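Report on the following structure.
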Amino acid sequence: MGKGFKEKVYQVVAKITKGEVLSYQDVAKKAGSPKACRAVGNIMNRHHIKGLPCHRVIRSDASVGGYFWGTKKKIKRLKEEGVKIESGKVIGFKKRK
DNA sequence: AGGGTGACCCGCT
DNA sequence: CAGCGGGCCACCC
């Protein structure tokens with residue numbers, strides 16, 4: 001296990017600790033394909049794996065991004081983990097723009 | 001700020 | 001079985 005892109009994504013996301021947030025591009029990069037940022041989100045969407053903290057994965061512009069169960073839920077979960085979010089943006093995240 | 005293109009995966013036709 | 005389009009995105013113009 002861990003040969004395919006998806007498997008790598010699972011591993012990377014599963015390694016995200018409580019209160020930490022990573023961007024889709026960062027996950028994609030760690031998974032071996034920096035340009036597969038879109039695929040990462042798609043994988044979560046089509047295969048919402050239980051036990052996988054996909055809510056800790058946000059956009060590279062610090063916006064929370066989408067969520068299978070709803071963006072509102074995603075924000076709530078992140079806040080409960082100690083992540084400061086304001087106006088749909090993660091405070092303290094280095095956005096590229 | 002908005003639109004268009006690029007890269008990758010999955011489901012449907 | 002093969003092709004097309006859409007999606008929890010990112011970057012450039």
Side-chain angles (χ1 to χ4, degrees):
Chain A
M1 49 166 52
K3 305 184 189 65
F5 180 74
K6 308 189 287 293
E7 303 278 335
K8 282 287 182 61
V9 172
Y10 300 152
Q11 290 297 319
V12 173
V13 177
K15 294 291 188 300
I16 305 177
T17 59
K18 176 171 170 292
E20 181 183 6
V21 287
L22 282 181
S23 65
Y24 287 96
Q25 193 186 22
D26 208 2
V27 174
K29 190 180 297 182
K30 290 176 184 299
S33 299
K35 299 301 180 188
C37 45
R38 211 170 182 185
V40 175
N42 205 1
I43 290 169
M44 306 299 184
N45 185 19
R46 303 286 188 176
H47 304 271
H48 46 105
I49 313 299
K50 181 191 172 302
L52 194 67
C54 49
H55 59 274
R56 292 174 186 161
V57 186
I58 65 176
R59 280 188 168 224
S60 67
D61 61 339
S63 51
V64 179
Y67 194 51
F68 190 86
W69 309 107
T71 308
K72 296 281 291 184
K73 207 78 174 182
K74 186 172 182 178
I75 293 174
K76 179 180 285 187
R77 278 184 194 251
L78 285 172
K79 281 188 175 182
E80 297 204 86
E81 292 190 350
V83 180
K84 293 282 293 180
I85 300 176
E86 193 173 303
S87 301
K89 297 292 199 303
V90 177
I91 308 302
F93 190 83
K94 271 295 216 176
K95 54 182 178 183
R96 195 187 64 74
K97 285 185 176 179

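All values reported here derive from a predicted model rather than from experimental measurement. In what follows, chains are A, B, ... by sequence order, proteins preceding strands, each numbered from 1. Because only heavy atoms are used, hydrogens play no part in the values below, and waters and symmetry mates are left out as well, while side chains stay in.
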Rounding to a whole Å, what distance do you find between A:I49:CD1 and B:dC9:P?
15 Å
Send over the distance from A:D61 CG to C:dC12 C1', rounded to a whole Å.
15 Å
Let me know, please, whether A:F68 or A:K35 comes out on the 5' side of the other along DNA chain C by nearest nucleotide.
A:F68
Between NZ of A:K8 and P of B:dA7 the distance, given in whole Å, is 20 Å
Rounded to whole Å, please give me the gap between CG in A:N42 and P in B:dG11.
9 Å
Side chain to side chain contact (heavy atoms under 4.5 Å, CB included) evaluation trace for A:D61 with A:F93
CA-CA 8 Å; A:D61 61 339; A:F93 190 83; over 6 Å; no
C:dG7 base to A:R46 side chain: any donor-acceptor pair below 3.5 Å?
no
Separation of B:dC8 P from A:H47 NE2 (nearest whole Å)
17 Å
With sugar-phosphate meaning primed atoms plus P, OP1 and OP2, does A:H48 contact a base, only sugar-phosphate, or nothing at under 4.0 Å between heavy atoms?
nothing
Flag for A:K15-A:Q11: side-chain donor and acceptor within less than 3.5 Å
yes
Write down the distance between CD1 (A:I43) and P (B:dG11), rounded to a whole number of angstrom.
11 Å
Residue-phosphate contact under 4.0 Å: A:Q25 side-chain N/O, B:dA7 OP1/OP2:
no
Quick check on B:dC10: is either OP1 or OP2 less than 4.0 Å from any side-chain nitrogen or oxygen of A:K6?
yes
Using atom types as modelled and distance alone, determine if a side-chain donor or acceptor of A:K94 lies under 3.5 Å from a backbone N or O of A:S60.
no
Give the rounded distance in Å between these two atoms: OH of A:Y67 and C1' of C:dG7.
17 Å
Regarding A:A39, tell me which of base, sugar-phosphate or nothing describes its non-hydrogen contacts under 4.0 Å with the strands shown.
base
From CZ of A:R38 over to P of C:dC11, roughly how many Å is that when rounded to an integer?
14 Å
So, taking the atom named CE in A:M44 and the one named OH in A:Y10, what distance separates them when rounded to the nearest 0.5 Å?
8.0 Å
Phosphate OP1/OP2 of C:dC9: any A:S60 side-chain N/O under 4.0 Å:
no
For this output row, return yes or no: ring centroids of A:H48 and A:W69 closer than 6.0 angstrom.
yes
